[in-house]
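Below: the structure, in structure tokens.
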Amino acid sequence: MTVEAPAASGVARLPLRLTLNGQLVEIEIATNELLLDVVRDRLALTGTKRSCDVQVCGACTMLLDGRPVSSCCTLALEADGRAIETIEGMAGPDGLHPIQQAFIDNVAVQCGFCTPGFVLTTKALLADNPRPMRAEIEHALTGNLCRCTGYWNILSAVEDAAGRMAEDDGEGRGARDDG
Amino acid sequence: MLAPFEYHRPESLAEAAALLRALGPEAAVYAGGTELLPLMKDGLIEASALIDIKAIPGLGGIARGRDSALRIGPLTTHRAIERSPLVREHLPELAALEANVANVRVRAAGTIGGNLCFAEPHSDPATLLVALDARFTLVSVEGVREIAAEDFFTGLLETARRPDELLADIQIPAPAPGSGVAYERFKTHERPSASVAAVIRLDDGAVADCRVVVGSVGVRPLRMGRAESLLNGARPSDDAIAEAAEAIRAEVAPTEDAFESTDYKRQLAATLGRRAIAAALARAGGESDHDR
């Protein structure tokens, strides 16, 4: 496949079809658009934050087929035919996801700017490793920066969330969802 | 927003090679994008075209290759290497190294081929692969050639890969029986400040063969010829290890930059060198009573 840039605009465009928070979305994008810009500015989901812009801080984390990626440094075309999850997809009809509730109950949020990235990274971690050790949580979250909380409450929130999801497992909620 | 570019997604190596030749050095090979896209965003790299190689079959995956070598396809992500049962069994030091590259997001998207071809001086895998005498296969319209990792990295962000060549395969020879492998690094941010890889083979209680490579502190991974000469033939001892570490301190060629002083880089290289040599000797079955 080749997408040549038309001389008029100088930018090649292509159709993008993705599953965004469980819903099929079709949108025409430019090859040089970044996933973060498409989701925030064109699909109007602004829960994902731009911060460092160089894939270091984790504020722009989205899940791409269940794995965390830096949407600030991911071409939107990578989402074609794949599933994207953002913070807006976490809460269900019954209310907040247990990870979100655990962050609130453990006061793991101050300004909240980094929180969507932490919550999504935590979701991917617990899908892989439902009962992580504290050191495993620290390792998984090394790439998410928080300038308010000092991290301690965040680590506690993740441990708490793991416990809640293990308890909920029998009811299907919080079960591992990406194998 | 990135500057506009043509986007190509070849479905065979031959198609990719033809594109690379036709489009010239202005085209960039694109896989995980973790090295390329940040620099394109900053305008430090201007690519008129991206050649996305992710649709080419056979460029991913991990297998046992010829002579029990570990064969890693260049499209393999850091995460896949970290979690590969084959790598964990046959080269656990590489799995451990990959588990600590950058962060979970970079490991999920970034590929080992991109990491190597970018030749960022602080690359973790580059340093270990030079020590392990890995071989890289490069493909172009003119054919196929193989190059040793040691000869591949030629300078700051520079490799022996021509712009019309594609890295198609990575072969890591199985360390000879009696060998110990170690990789030590120090980092306070995403990439290491200094790293040392050591591969040492013992025979009859003495060093029969060794490769010691320092990464991150200079423009490319560098073999420490003096330290290797001192170690060859030596019996493992704290004195022998300390002598080799001091040789590393003298032999490294630290880059001057705004992050760490050159003295500090020498100190890090010597300390990590001592640890890596000691660990490799211990794993090779030596009787070093070092204080790791």
Side-chain angles (χ1 to χ4, degrees), chain A residues 1-14 29-38 41 50 52-78 80 117 120-122 124-125 128-129 136 139-145, chain B residues 1-12 15-16 18-19 22-23 27-28 30-42 44 46-56 77-80 82-83 96 99-110 114 187-191:
Chain A
M1 179 181 83
T2 291
V3 183
E4 306 255 1
S9 69
V11 179
R13 307 189 68 81
L14 71 167
I29 57 158
T31 50
N32 60 341
E33 277 188 284
L34 295 162
L35 183 58
L36 178 63
D37 296 326
V38 170
D41 299 343
R50 164 172 273 129
C52 77
D53 222 15
V54 288
Q55 67 196 353
V56 167
C57 77
C60 71
T61 302
M62 295 180 189
L63 301 187
L64 174 60
D65 287 342
R67 300 310 325 157
V69 295
S70 297
S71 61
C72 76
C73 291
T74 302
L75 292 180
L77 59 84
E78 291 295 343
D80 193 41
L120 288 162
T121 307
T122 299
L125 166 67
D128 259 1
N129 183 357
E136 292 172 321
H139 181 69
L141 296 180
T142 297
N144 288 77
L145 303 186
Chain B
M1 180 64 91
L2 296 158
F5 50 81
E6 282 177 23
Y7 175 71
H8 300 269
R9 194 173 167 87
E11 290 175 0
S12 70
E15 195 187 338
L19 277 167
L23 296 170
Y30 167 68
T34 56
E35 304 272 12
L36 180 66
L37 296 179
L39 293 183
M40 285 178 68
K41 282 167 65 173
D42 283 346
L44 295 172
E46 290 176 20
S48 61
L50 294 196
I51 302 174
D52 184 346
I53 59 170
K54 293 196 290 296
I56 300 175
T77 62
H78 298 295
R79 173 183 161 84
E82 164 194 348
R83 299 168 72 90
N100 288 288
V101 166
N103 59 54
V104 283
R105 302 176 305 280
V106 168
R107 292 197 293 275
K187 64 175 183 173
T188 56
H189 42 269
E190 295 270 305
R191 304 187 196 255

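Per chain, numbering begins at 1; letters A, B, ... match sequence-line order. All heavy atoms count here, side chains included; hydrogens, waters and symmetry mates do not.
- Residue contact with chain B, scored on non-hydrogen atoms closer than 4.5 Å, involves the side chain of A:Leu77 exclusively.
- Under the rule for a side-chain contact (heavy atoms from CB on, under 4.5 Å), the partners of A:Glu136 that lie at least two apart in sequence or sit in another chain are A:Asn129, A:Pro132, A:Met133.
- Looking at A:Thr142, neither its backbone nor its side chain comes within 4.5 Å of chain B, counting heavy atoms on both sides.
- Taking the side-chain contact (heavy atoms from CB on, under 4.5 Å) definition, one finds that B:Ala55 meets it with B:Arg9, B:Glu11, sequence neighbours left out.
- With a threshold of 4.5 angstrom between heavy atoms, A:Cys57 approaches chain B through N, CA, C or O but not through any side-chain atom.
- Residues that satisfy the salt bridge (Lys or Arg N to Asp or Glu O under 4.0 Å) test with B:Arg83, not counting sequence neighbours, are A:Asp128.
- Proximity to chain A (any heavy atom under 4.5 Å) is restricted, for B:Leu37, to the side chain, taken from C-beta onward.
- When the candidates A:Val54, A:Thr74, A:Asp53 are compared by the number of heavy-atom contacts under 4.5 Å with chain B, A:Asp53 comes out ahead.
- Residues from residues 100-108 of chain B that place a non-hydrogen atom less than 4.5 Å from a non-hydrogen atom of chain A comprise B:Asn100, B:Asn103, B:Val104, B:Arg105, B:Val106, B:Arg107, B:Ala108, given in numerical order.
- When side chains are defined from C-beta on, B:His8 does not count as touching B:Asp52, because their heavy atoms never get closer than 4.5 Å.
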Output, in order, the C-alpha distance, side-chain angles, deciding distance and verdict of salt bridge (Lys or Arg N to Asp or Glu O under 4.0 Å) for B:Arg191 and B:Glu35.
CA-CA 12 Å; B:Arg191 304 187 196 255; B:Glu35 304 272 12; 3.2 Å; yes

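- Between A:Leu75 and A:Leu34, some side-chain heavy-atom pair lies under the 4.5 Å cut-off.
- For the atom pair OG1 of A:Thr61 and CD of A:Gln55, the computed distance is 11.0 Å after rounding to the nearest 0.5 Å.
- Residues B:Met40 and B:Leu50 are in side-chain contact: their nearest non-hydrogen atoms beyond the backbone lie under 4.5 Å apart.
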